[in-house]
Number of protein chains: 2
Amino acid sequence: MNNKQITIVEVAREAGVSIATVSNVLNKRNVPMAPETAAKVEEAAARLGYRRNTVAASLSRRKTNELGLLLPGFGGYYGQFAEAMELTAHRHGYHLSVYATGSDPEREQRHLETLLERRVDGLFCHGMAMKPESVGRIVRGGSPLVLFNAWEWPEDLAVAAVNLDFAGASAEAVRHLVERGCRTVYYAGTSKALMIDRQRRLGFRREADRLGDQVRTGMIHSEAGDPEEQVTTAAAEALAEGGPVGILAFDDRMALRILGRLLQAGIRVPEEVKLLGINNEWFSAAAYPTLTSMSIPYEKQAELAIHRLLSHLGEAEDGKDLPQAKGEVTVPLELTPRRSTEA
Amino acid sequence: MNNKQITIVEVAREAGVSIATVSNVLNKRNVPMAPETAAKVEEAAARLGYRRNTVAASLSRRKTNELGLLLPGFGGYYGQFAEAMELTAHRHGYHLSVYATGSDPEREQRHLETLLERRVDGLFCHGMAMKPESVGRIVRGGSPLVLFNAWEWPEDLAVAAVNLDFAGASAEAVRHLVERGCRTVYYAGTSKALMIDRQRRLGFRREADRLGDQVRTGMIHSEAGDPEEQVTTAAAEALAEGGPVGILAFDDRMALRILGRLLQAGIRVPEEVKLLGINNEWFSAAAYPTLTSMSIPYEKQAELAIHRLLSHLGEAEDGKDLPQAKGEVTVPLELTPRRSTEA
DNA sequence: TTGTAGGCGTTATCAG
DNA sequence: CTGATAACGCCTACAA
């Protein structure tokens, strides 16, 4: 930070007006004013190379116009989502800063506390690593919080929650596989402790139950070892009793890894095994064969979240008339069929 | 921002001391003090739920302890890099905020201006979309700037530049392919206008020249159409005159796409075509066959950059004795051999 | 239409 | 060791 900072005081002196006038001109406030006065100020500011000091402004206005977003990481889905959030926030006049926690409770806590101390106007958290009670203790009385994919979280902790409908997506995926002729369908997940995995299992199970004995199902999780390995073996065995076999992977990354195993085992996709993932990342269209996936409506998610936060701040732009402005919303994914599940 | 904020004034009243004392104990400043006074303050702060207001502190200290990082996006390499930067910054007592520009000059400019107005203590930019003159005009007199992968940029604009040695990596890749028996080697790039692509071409060409007629080379760019398509056709033709053929892709993403095309065309990797990318992203180890790549020393890059910035701020932690603390550094990549280039 | 003055919440300098 | 008090740079009634 420069020591010889130019302030509105200098600009005022240079322009021969008062600091209030400078402030008004520079912030384009609609106070009546002689055009020449404004011009004088503009020119003086430009000549001096004046740059607004937001920290002073924030302190004075008790508002920072800054938002914070906490994510487990920047890669894949999260990165895409962060960009959508950034854009949406800006469209509403806010600046969004993004941080990664690496799913580490300590890093998460540090970021939370720092942002609260910075008095951000709002906070978005995706996949919290900390326990609800700890979050509550930290966040209480601070900036409002909007959560993502927070099923089973206490209502009063956040002003809203925006959840992706992973359960619905899983169900749709199962249907898709069965419609394509799969008599056996596997879900290859990660840890059963992960909430996003639980949601997928839930939808998978629900649809399996609905389908009854039209289809045999199996669920694989990482607690029992390498899921890619397991599902490949399982699929190979099931194949012996008649195919094709369907596999729903936790996400596209896992789908890609499974694809590698299948090819390595000499199993043909989609002829013998049909495979699909979730997230629709770029490589799903690049892989060979291309991977069917469930895509995520990033813009919608972001718009929903920011709208809720702003409406909480009392800045709802009506007109839009989005669903109820607090509580929990569920956002559906969309099936994007590709070669890996073709008939 | 809450209206009924608890300030050190209330804490001071509650503890029955002055605000100066509160400030001292809360910031653990090493002023001599009665332990009981400190305890009283701590307790009062806890009881009242006091939370430090960094914006006021920043204004007063003329220092924010905040750093900003601008990236084209959050995905892949950039995301990994951002995480390393965040961690490194924290290790040095700073908080790093990350922003994506989408390689859009306007978004980039907005972020730059916002961060400058926020008086961040330092700024990191990776792959600027704006022209040097514009950046100079905006940044002048503001927070110090460290650039990444900024070849041919004016010296005085930034306090330092940390560049990846893509030229060297390309050269090493060519050598690797030739050693593995490739008599024809292609570089599949993107736009020739992209600086990071130019660097790769440079190294590729240099090594090709050095090798003389030991090897035939070809360079492909997106200006002439789909590079994945082109390189696949070219490789198929070259194959007719004897293989194996080597392909160095612009990055792992392109390598994965090319891999898909090759497999689709029935070309065997690595038997007929040997393929390698740059960045060593996660999927390079997941693809089938696994992809050879050049990995990036994220931590080193981050440490170098932050160290330079801090040393510019006069906070160099000596001892370390890193190379000269300003100007340009070049960071080498490291070959990570995998199946796709095996003999 | 423009100027004055009192915050905003902390830090830091000096006396006591 | 502790407590006033003047910055820090800007905003915003309220006055002129």
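We name chains A, B, ... by the order of the sequence lines, and we start the count at 1 in each one.
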Interatomic distance where CZ belongs to A/Arg119 and C1' belongs to D/dC10 [whole Å]: 18 Å
Among C/dT2, D/dT2, C/dT10, the nucleotide that comes nearest once only the side chain of B/Thr7 is considered: C/dT10
B/Glu36 CD to D/dC1 P, straight-line distance once rounded to whole Å: 11 Å
Atom-pair distance (CG on B/Asn27; P on C/dG9), nearest Å: 17 Å
Minimum-distance nucleotide (side-chain atoms of A/Gln5 versus D/dT2, D/dG9, C/dG3): D/dG9
Nearest-neighbour nucleotide for the B/Ser18 side chain, C/dT2, D/dA4, C/dG9 considered: D/dA4
Rounded distance (Å) that lies between atom P of C/dG9 and atom OH of B/Tyr50: 10 Å
Name the pairs: protein N/O against N/O of nucleotides 12-16 of chain D, kept only if under 3.5 Å.
from   : atom 1 : to      : atom 2 : distance (Å)
D/dT12 : OP2    : A/Arg29 : NH1    : 3.2

First encountered from the 5' end of DNA chain D, between A/Arg51 and B/Thr21: B/Thr21
Gap between atoms CG and C1', on A/Leu59 and D/dA7 respectively (whole Å): 13 Å
Separation of atom CG in B/Asn53 from atom C1' in D/dG9, rounded to whole Å: 14 Å
Ring-ring centroid check A/Phe81 A/Phe148, cutoff 6.0 Å: yes
Sugar-phosphate only, base, or nothing, as touched by B/Val17 at under 4.0 Å among non-hydrogen atoms: sugar-phosphate
B/Glu66 bridged to B/Arg119 by N-O distance under 4.0 Å: no
Between C1' of D/dC8 and CD of A/Glu10, the distance in whole Å: 13 Å
D/dC10 phosphate, OP1 or OP2, under 4.0 Å from A/Arg62 side-chain N/O: no
Side-chain touch A/Leu69/A/Ser97, heavy atoms, less than 4.5 angstrom: no
Closest to side chain of A/Met33, choosing from C/dT2, C/dT11, D/dG9: C/dT2
Listed nucleotide nearest any side-chain atom of A/Ala34, set D/dG9, C/dT1, C/dT10: C/dT1
Derivation and outcome, side-chain contact (heavy atoms from CB on, under 4.5 Å), residues B/Arg107 and B/Arg110: CA-CA 5 Å; B/Arg107 273 168 76 186; B/Arg110 268 209 351 261; 3.8 Å; yes
Of the listed nucleotides C/dT1, D/dC10, D/dC1, the one nearest the side chain of A/Ile8: D/dC10
d(CZ, B/Arg13; P, C/dG9) in whole Å: 13 Å
Sugar-phosphate, base or nothing in reach of B/Thr37, heavy atoms under 4.0 Å: sugar-phosphate
N-O pairing of B/Glu14 and B/Arg47 below 4.0 Å: yes
Aromatic ring proximity A/Tyr99/B/His90, centre distance under 6.0 Å: no
Sidechain N-carboxylate O distance under 4.0 Å for B/Arg91, B/Glu303: yes
Ring center gap for A/His92 and A/His307 short of 6.0 angstrom: no
